[in-house]
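Quick notes on the structure that follows.
Lettering of chains follows the sequences in order, A, B, ..., and the numbering in each one begins at 1.
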Amino acid sequence: MDNIRSVKGTKDLLPHDTIHWREVENIIHQFMAVHGYGEIRTPVFEDTKLFHRGIGKDTDIVSKEMYSWTDQGGDNLTLRPELTAPVVRAYIQHQMGTLRPLNRLYYIDSLFRRERPQKGRQREFHQFGIEAIGSPHPEQDAEVITMAYKIYETFGIKGLSVKINSIGSAEIREPYLATLRDALNSVKSALCNTCQNRIDKNALRLFDCKNPACQEILDKNAPFIFDHITDNDRSHFGRVTAILDEMGIPYDHDRKLVRGLDYYTHTTFEITSSTLGAQDALCGGGRYDKLVEELGGKSTPAVGFAAGMERLFIAFGDDGEHEHSLADIYFLTLGEKATQKGFVLAEEIREKHGVSVVSETLQRSMKAQMREANRLGVQFVVILGDNELEKGIAVVKNMDSSEQEEIPLDKLSDHFMVDGQE
RNA sequence: GUGGCUGUAGUUCAGUUGGUUAGAGCACCUGAUUGUGGUUCAGGAUGUCGUGGGUUCAAAUCCCAUCAGUCACCCCA
């Protein structure tokens, strides 16, 4: 009989992990609050059509990585593989655009993609990200990129590299792709198979190919989309970089940076860290001026980024090996009566002072309980046995100094108030 | 979906050219201290050697398959 284990590509977060996750999440929440972004939480599953329309049918995500199923009522549903489309769906559904001209939103949530797991990639993973919906102006692009950079900086991540590019407005996409195909037709046979397929299906993505031979051919023959964008697009990009310069954000203009999802327009960017390995992207994002309209809303420009939580933890180079105290006080009891009384007193201490108190429920020996108290890293142990109960006192032991004193039971909870204020 | 590497105790790993009772550190438990932890000392428990088949007198060890983990490709966070 095989034991059931977590599904491939999914992970349990144990207390040892969650303590670390919560620290990071708290910093993110605080960071977002300071920037005036409000949290949004959307359902883990959506109508499959949302992703078909939002992400693009020919993308890898939609064509082969989604967890989709038909439920008992015949609805076609999908576990969200990304969060921009759901957030935009919610934005439209709740007519958030009518409340104010600009909505600044952020999220920390889990996503699902059926890929082969490897370092920095799971089937269920977590992202935090922001979506600023409503501003067409370069200031908004700059704010988003600055925030992405700054949050990694506050986390102390080393080896950061920001790459940015512009793929222009949607109107120039088709004419550009036509010239790109023309330019490559003569050398098509020299490209790798996937590149040859992409020429027709998703030509922009040619630039993502890591095959050195393909790259060489592209360098020689392929025109960059950046050189085909309009003057307006170019000045938009210039404003974005000017603000980044002013903010002291280091970046590289990477003309080959085109991103994988169909909805991007104008600015695209990515932050990588050299500490990560093969999956080196910490976060990616850009402007998506057509998506709101695409999903049935009023034409509204937007910018955002999505950042991988698991990759952030890898970049920390820290598996959460911190020694955290799980409790402040261990309530050691010996015998049935003392244990019962101890439950009442422990609760009194919790209620009065809000400190964490752990009671004994294993009926262990004193030695075993002391060892447990030490393992938990508590500062105090309250000892209550028959002897103490008879005398109406409890022994309070300070685990650092090993000193102990007798405290009358009716003064026990007050005793910790004094100590807590030291 | 494709390829490489790895599966031995809770965990990290050792286990010689196949050889009979499969080991160590850490962790855990008990005792020294009949009611006092973290140090020390003494002792203890724990394994379908990932699973299934094959070769052999004999398999943790060799072969095949399968599953799982991991890294990389693809792609992305």
(message) Using the C1' atom as the point on both nucleotides, what is the distance between B:U56 and B:G69, in whole Å?
(response) 31 Å

(request) Would you mind classifying the nucleic acid contact of A:Ala373 as base, sugar-phosphate or nothing, using non-hydrogen atoms under 4.0 angstrom? (result) nothing

(message) Is there, by distance only and without an angle test, a donor paired with an acceptor across the side chain of A:Glu270 and the base of B:A77 below 3.5 Å?
(response) no

(message) Could you write out RNA chain B as dot-bracket? Rules: Watson-Crick or G-U wobble, both distances under 3.5 Å, brackets [ ] for crossings, | for pairs with another strand, dot for unpaired.
(response) (((((((..((((.....[...)))).(((((.......))))).....(((((..]....))))))))))))....

(message) Among A:Arg121, A:Lys64, A:Lys8, exactly one meets salt bridge (Lys or Arg N to Asp or Glu O under 4.0 Å) together with A:Glu115. Which residue is that?
(response) A:Arg121

(message) Distance check, P atoms only: B:A72 and B:U55, in whole angstrom units.
(response) 40 Å

(message) Using a heavy-atom cut-off of 4.0 Å across all strands, would you classify A:Lys8 as base, sugar-phosphate, or nothing?
(response) sugar-phosphate

(request) Please state whether the phosphate of B:G35, meaning OP1 or OP2, lies under 4.0 angstrom from any side-chain nitrogen or oxygen of A:Lys367. (result) no

(message) On the nucleotide B:U36, are OP1 or OP2 found under 4.0 Å from the side-chain N or O atoms that A:Gln404 carries?
(response) no

(message) For the backbone of A:Asp289 and the side chain of A:Thr265, can you confirm whether one donor and one acceptor N or O come within less than 3.5 Å of each other?
(response) yes

(message) Please classify the nucleic acid contact of A:Gly129 as base, sugar-phosphate, or nothing, using heavy-atom distances under 4.0 Å.
(response) nothing

(request) Check if the side chain of A:Asn374 and the base of B:G38 share a donor-acceptor pair of N or O atoms closer than 3.5 Å. (result) no

(message) Under 4.0 Å from OP1 or OP2 of B:C29: is there any side-chain N or O of A:Arg371 that close?
(response) yes

(request) Flag the pair A:Tyr107 / A:Phe128 as yes when their ring centroid distance falls below 6.0 Å, and as no otherwise. (result) no

(request) Would you mind classifying the nucleic acid contact of A:Leu332 as base, sugar-phosphate or nothing, using non-hydrogen atoms under 4.0 angstrom? (result) nothing

(message) Checking A:His266 against A:Asp233 for the side-chain hydrogen bond (donor to acceptor under 3.5 Å, both in side chains) test, could you report, in this order, the C-alpha distance in whole Å, the side-chain angles of both residues, the deciding distance, and whether it holds?
(response) CA-CA 7 Å; A:His266 295 95; A:Asp233 294 344; 3.1 Å; yes

(message) Quick check: A:Tyr106 with A:His35 (ring centres under 6.0 Å apart)?
(response) no

(message) Check this one for me: any side-chain N or O of A:Arg375 less than 4.0 Å away from OP1 or OP2 of B:C29?
(response) yes

(message) Does B:C71 have OP1 or OP2 under 4.0 Å away from a side-chain N or O of A:Gln118?
(response) no

(request) Indicate yes or no for a side-chain donor-acceptor contact from A:Thr10 to the backbone of A:Arg123 under 3.5 Å, with no hydrogens or angles considered. (result) no

